[in-house]
Participant: 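Structure below; questions to follow.
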Amino acid sequence: MSSKEQSAMASAGSSSSSTEISDSMLRRMAGQSVNKAGLKKDQSEINKIIAEASKGSKFYENEREKDEKLGIQIMKLLDKRDRLLKEGVDLRRLERECDTFIQRIESQRDLSQTIVHVDMDAFYANVELLADPTLEGIAFGVGTGVLTTASYEARAYGVRSGMPVFVAKKLCPHLRMVPATFNSYGEYSGKVMEVFRRFDPNMAKVGMDEAFLNLTTYIQEEREKDGTGQESENAMHKRRERIVRTIRETCKKVTGLTVSAGIAPNKMLAKICSDINKPNNQYILPFTRQAVLDFTRTLPIRKIPGIGRVSERCLEALGVITCGDIITKRAELHLLNYGVIELLKAGLGATSNVVEAGRREDRKSVGCERTFREKSKREELIAIVEDVAEELTETLQKLEYTGKTLSLKYKTHDFKLHTKSHTLQHGEYKTRDSIQTWALKALEESLPLKLRLLGLRVNQLRDLRKKGGLEQYFTNPSHSRKLHEDDEEAEGADFNNAIILDSDEDLEDSEAAETEQVERAINGSPFNDAITNAASSTAVPFASKQETETTHHPMISCPICSRTFPSSTTNQDLNAHIDVCLSKDTIQQLSSRRSSPILGSSESVSSTGEKSVGSKSANKRSRRDIPTNKEDEEDYDFLRPPTSRNHSTTSSSASVSPTVTSSGGSSNKKSKNVLMGTKEAPRNPFAFMKR
DNA sequence: GCATGAAGGACCC
DNA sequence: AACCAGGGTCCTTCAGTT
């Protein structure tokens, strides 16, 4: 261990011996949702109470350990930076490279779309309030064990979601707790989403209480209706505000729940904006490049969706506190291989503005887990696994999925998480038996264990609602899914097939108009760019172009399985697909699937006669060629904002609402490493910013 | 060299 | 006197396979 590491240990660990709690621990214990509004008590006072309350607990110890490790990691990061600098890395060159990135990003900046992020206020809490008016005006929390949400009255005391009840009570002794009633949340969620859909049928739901809307089309139509021609930016601004106000009012009228909203030219910004005037209000960011830059310049990086506690600390150590710092420190970030491009995109406020409904096909896994009071007796643990397996099977059945890999997850008494997984080469996990058998085996293997959590999750799903088994090899969905009573989210989305083009797609040549801007952007830091020409950036000449074009490809369909493919699909590719479709295995598979539930291997590895799907080469080919334009996109592989992550739907009604974001642009290894020349790519705590 | 699996994490709501 | 959810997604690292 280097001396630096030792000192990191020392400083991070100092809290354990003395009564002082380190700063980073205070912050860490403060929890993830620190950025929430509505606090009364002084934040640092609150943080102290929180940390103090759980000090000495196993949880706390575990957090402290993590904190320590992070500290070391950060030291290493800094070490590395210093070393490279000493070795004489050409920072200037890196800076220029970043400027090229910036140029590209700027050239693709798109202010033509009106994106709205709508976010229900204290959703669970407010639903409970409707059900029980005696909660009106009092501090209460929803959940058991951990608060899933807190009323605004409670928040004033520093009580926040994700906080354990006993800590919350320390902050607010008279806090009242009500158990969560997920079914009702689901119902209200459905109603609200319905309202949103009136304004954007392709609305992207993000969890139960949030959604992204693209109002561009709605606005256009409205203007056509009232015969408004060219409109001043000011008029547009007002129109946007008014429409969003209408949306919120409608929600309130329909459900009695209040909504907040953010209006901006892209998802990341809209999301951040929805928080600004939080309860029951909205915030609109002017749709000009300058306004966006002004906004982001001072924006704490933590506000960027995808930047969590860890990334925040890493960046902070590098002197990056605000988005503005990202630009200033770009060379260093680049040097450390720290996902600069994504950061730059976020820093410039030029992230994805593509809003598309989540599709069932996008789901990647289904899981089920349980937390309980520390247990170590074999029988007890086994019973829990059985129980979880049972429930998982039910869920799987209800949702109509099977999966190839199963993983067991457990948390030991000291809050350490572990997973074990197994992938079936042939069969699929489907029956309770197959799941339980492996799960128990995996558990027993590691048995002398004191646990507090056990869970199971199935990955590599196959959608039983789909005709063939080939689907997993194509990204395409389209027609396939019929609506099912229990997934209210179903409608709408289906016909935009898997092609995931982001806004990046067609911009290339259409951008002449903005060249001027771009030019400026390259010379020097955009933030210093005094003369920003806001007007030109608001021009709407290509308004909504890519949106329509990328989502409404005409389709070609396979004569065998009638699956549809984008018109851009070449004959060759189509043939490849048809080959697969015609393969014997496939036919067998299709017919066997009809007749009986054979597929799930009842035992772990051994299997039924299910040959894997289609010929390997065919699969490979098709997977690469047919579905996406990924290859083409590689070049544009900037951040597709992390913004829209998925959220599960706990409700028994199982509205599957998978991710909103399209999959796509894998992260651009090329440019990242090529420029660097560093081998041991330092972990890029940022990788997740992918989209 | 590349695709896959397994295990571990970061993050989100 | 005790003791921090549960549903997901994506990324990374390290092997071992093909």
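Here is how names work: the chains are called A, B, and so on, in the same order as the sequence lines, proteins then strands, and each is numbered from 1. None of these values were measured; they are calculated from a predicted model.
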Participant: Rounding to a whole Å, what distance do you find between A:Lys271:NZ and B:dC11:P?
Facilitator: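 The distance from NZ of A:Lys271 to P of B:dC11 comes to 15 Å, rounded to the nearest Å.
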Participant: What is the ring orientation for A:Tyr429 with A:His422, classed by angle as parallel under 30°, tilted 30 to 60°, or perpendicular over 60°?
Facilitator: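 If you compare the ring of A:Tyr429 with that of A:His422, the planes turn out perpendicular.
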Participant: Does the ring of A:Phe372 carry A:Arg370 above it, NZ/CZ under 6.0 angstrom from centre and within 45° of its axis?
Facilitator: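 No; the conditions do not both hold, so A:Arg370 does not lie above the ring face of A:Phe372.
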Participant: OP1, OP2 of B:dT4 versus side-chain N and O of A:Gln425: anything below 4.0 Å?
Facilitator: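 No, outside the criterion.
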Participant: Does a nitrogen or oxygen in the side chain of A:Ser421 sit under 4.0 Å from OP1 or OP2 of B:dG5?
Facilitator: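 Checking B:dG5 against A:Ser421, no side-chain N or O comes under 4.0 Å of OP1 or OP2.
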Participant: Would you tell me if any nitrogen or oxygen in the side chain of A:Thr144 comes within less than 4.0 Å of OP1 or OP2 on C:dA5?
Facilitator: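 So the side chain of A:Thr144 is outside the cut-off, no N or O lying under 4.0 Å from OP1 or OP2 of C:dA5.
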Participant: Taking the basic N atoms (NZ, or NE/NH1/NH2) and the acidic carboxylate oxygens, is any pair closer than 4.0 Å for A:Arg462 and A:Glu428?
Facilitator: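 So A:Arg462 pairs with A:Glu428 through a salt bridge.
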Participant: Please compare A:Thr405 and A:Glu312 by the position of their nearest nucleotide in DNA chain B and report the one closer to 5'.
Facilitator: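 Result: A:Thr405.
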Participant: Sequence neighbours excluded, which residues qualify as salt bridge (Lys or Arg N to Asp or Glu O under 4.0 Å) partners of A:Glu374?
Facilitator: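 Result, salt bridge (Lys or Arg N to Asp or Glu O under 4.0 Å) vs A:Glu374: A:Lys58, A:Lys450.
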Participant: Would you verify whether the NZ or CZ of A:Lys191 falls within 45 degrees of the ring axis of A:Tyr188 while also being under 6.0 Å from that six-membered ring's centre?
Facilitator: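 Satisfied, under 6.0 Å and within 45°.
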Participant: Starting at atom CG of A:Leu453, determine the distance to atom P of B:dG9, rounded to an integer number of angstrom.
Facilitator: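 Computing the A:Leu453:CG to B:dG9:P distance gives 14 Å.
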Participant: Under 3.5 Å, which N/O atoms of the protein pair with N/O atoms of nucleotides 1-4 of chain C?
Facilitator:
from  : atom 1 : to       : atom 2 : distance (Å)
C:dC4 : OP1    : A:Arg452 : NH2    : 2.5
C:dC4 : OP2    : A:Arg452 : NH2    : 3.4
C:dC4 : N4     : A:Ser54  : OG     : 2.9

Participant: Would you say A:Ser161 reaches B:dC13's phosphate, i.e. side-chain N/O to OP1/OP2 under 4.0 Å?
Facilitator: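 No.
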Participant: Find which nucleotide of DNA chain C each of A:Phe372 and A:Ser365 is nearest to by heavy atoms, and output the residue with the more 5' nucleotide.
Facilitator: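 Its nearest nucleotide lies further toward 5', so the answer is A:Phe372.
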Participant: Between B:dC12 and C:dC4, how far is it from one P atom to the other, in whole Å?
Facilitator: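 Nearest-Å result for B:dC12 against C:dC4 at atom P: 23 Å.
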Participant: Judged by atom type as modelled, is there a donor-acceptor pair below 3.5 Å linking the side chain of A:Asp119 to the main-chain atoms of A:Lys271?
Facilitator: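 Not confirmed, A:Asp119 side chain does not pair with A:Lys271 backbone.
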Participant: Reckon A:His418 has a side-chain N or O less than 4.0 Å from the OP1 or OP2 of B:dA7?
Facilitator: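 A:His418 to B:dA7 OP1/OP2: no side-chain N or O under 4.0 Å.
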